[in-house]
Amino acid sequence: RSSDLNRLVALPMSYLYGKRWKGPLTPLIAELRKEMYVGPYTSIQWSKQRHNIFTADLCTPHSSLYDGLAWVLQQYEKLPFKSYLRAKALEVCYDHCRYDDETTDYICIGPVNKSLNMLLALIEEGAESER
């Protein structure tokens, strides 16, 4: 049951990451960024923060295999030919999320994946979506 929940949350999160989707920058978001980060949000180099994890939050230290695979994937992201593969993966991911909605009569298995699926429907189908 736990693996189902993980998959149903990871799918829409992967879709949002794959699309590089960002919500609109509102005054509230700007204020939260000022409150949460020690420096200006725009000056943060996110690639350098990948291994910046609080010790108590690090359940398992990263292995050298993980670090190597993360580096390979980071290099892959820079390649120009990935657009077809990414578009196909996003299509499959969205189809899975839509199928989850349809097979559960739009109730879903939990509130987190339901809200994420609703966000995906808004992005793909617009505000007039029946979903």
Side-chain angles (χ1 to χ4, degrees):
R1 187 96 173 134
S2 174
S3 64
D4 288 343
L5 212 50
N6 291 338
R7 178 182 57 83
L8 292 172
V9 171
L11 273 172
M13 292 297 287
S14 299
Y15 179 88
L16 292 171
Y17 177 78
K19 279 281 227 193
R20 302 297 194 266
W21 185 82
K22 296 178 188 171
L25 182 60
T26 64
L28 175 62
I29 299 288
E31 284 300 315
L32 286 172
R33 285 179 176 177
K34 283 182 194 172
E35 187 177 323
M36 290 173 57
Y37 300 105
V38 293
Y41 180 82
T42 54
S43 69
I44 297 172
Q45 294 180 356
W46 291 107
S47 61
K48 294 193 175 158
Q49 300 304 315
R50 184 170 287 123
H51 302 291
N52 186 10
I53 302 170
F54 184 63
T55 309
D57 292 336
L58 186 60
C59 298
T60 305
H62 292 171
S63 67
S64 53
L65 175 64
Y66 171 83
D67 289 339
L69 287 173
W71 182 86
V72 168
L73 290 173
Q74 184 179 6
Q75 302 312 309
Y76 170 77
E77 283 291 313
K78 298 175 184 174
L79 297 175
F81 67 82
K82 70 179 185 302
S83 60
Y84 169 76
L85 184 60
R86 180 175 297 240
K88 191 65 180 160
L90 288 171
E91 180 184 326
V92 169
C93 188
Y94 183 71
D95 286 345
H96 282 288
C97 292
R98 189 167 28 90
Y99 180 75
D100 175 48
D101 277 341
E102 292 168 0
T103 57
T104 61
D105 286 330
Y106 301 92
I107 296 172
C108 292
I109 199 169
V112 175
N113 78 301
K114 178 58 185 172
S115 59
L116 288 170
N117 286 359
M118 288 172 64
L119 180 59
L120 267 56
L122 176 68
I123 293 166
E124 282 297 314
E125 301 170 20
E128 294 78 31
S129 173
E130 297 278 326
R131 294 180 46 214

Looking at OG1 of Thr103 and CD1 of Ile109, how far apart are the two atoms once the value is rounded to the nearest 0.5 Å? 9.5 Å
Hey, does Cys108 have a side-chain heavy atom less than 4.5 Å from the side chain of Asp100? yes
For the pair Lys114 and Thr104, evaluate side-chain contact (heavy atoms from CB on, under 4.5 Å) and give the outcome as yes or no after the intermediate values. CA-CA 10 Å; Lys114 178 58 185 172; Thr104 61; over 6 Å; no
Asp101/Arg98 ion pair, N-O < 4.0 Å: no
Regarding Glu130 and Tyr106, do their side chains bring together a donor and an acceptor under 3.5 Å, going by distance alone? no
When every non-hydrogen atom of Val112 is compared with those of Ser115, the smallest separation belongs to O-OG, 2.9 Å
Which atom names give the shortest non-hydrogen contact between Leu8 and Asn113, and what distance separates them? O-CB, 3.2 Å
Please list, chain by chain and in numerical order, all residues satisfying side chain to side chain contact (heavy atoms under 4.5 Å, CB included) with Cys93, sequence neighbours excluded. Leu11, Tyr15
When every non-hydrogen atom of Ala30 is compared with those of Leu25, the smallest separation belongs to N-CD1, 4.1 Å
Should the heavy atoms of other residues, nucleotides or ligands under 6.0 Å from CH2 of Trp71 be counted, would the total exceed 12? no
Leu79 with Tyr84, same ILVMFWY side-chain cluster at under 4.5 Å: no
Are Arg86 and Glu77 within salt-bridge range, i.e. N to O under 4.0 Å? yes
Would you say that more than 12 heavy atoms from the other residues, nucleotides or ligands in this model lie under 6.0 Å from the CD of Glu35, or not? no
Are Tyr94 and Ile123 connected into the same hydrophobic cluster when the rule is that any two of I, L, V, M, F, W, Y join if their side-chain heavy atoms are below 4.5 Å apart? yes
Could you grab the distance from atom NE2 of His96 to atom OG of Ser14, nearest 0.5 Å is fine? 11.5 Å
Is the shortest side-chain heavy-atom distance between Tyr66 and Thr60 below 4.5 Å? no
Are Leu90 and Trp21 connected, step by step, through hydrophobic side chains (Ile, Leu, Val, Met, Phe, Trp, Tyr) whose heavy atoms are closer than 4.5 Å? yes
Euclidean distance, Gln74 CD relative to Asp67 CG, rounded to 0.5 Å: 11.0 Å
Any chain of hydrophobic side-chain contacts (each under 4.5 Å) joining Met13 to Leu120? yes
Distance col, row Glu124:CD vs Leu119:CG, nearest 0.5 angstrom, shows 10.5 Å
How would you list, by chain and number, every residue that makes a side chain to side chain contact (heavy atoms under 4.5 Å, CB included) with Pro27, sequence neighbours excluded? none
Hydrophobic cluster identity match, Met36 and Trp46, side-chain contacts under 4.5 Å: yes
Looking only at heavy atoms, which two atoms of Leu116 and Val9 are closest? And how far apart? CD1-O, 4.0 Å
Rounded to the nearest 0.5 Å, what's the gap from CD on Glu128 to CG on Leu122? Could you check? 9.5 Å
Could you give the distance from CD1 (Ile53) to SG (Cys59), rounded to the nearest 0.5 Å? 9.5 Å
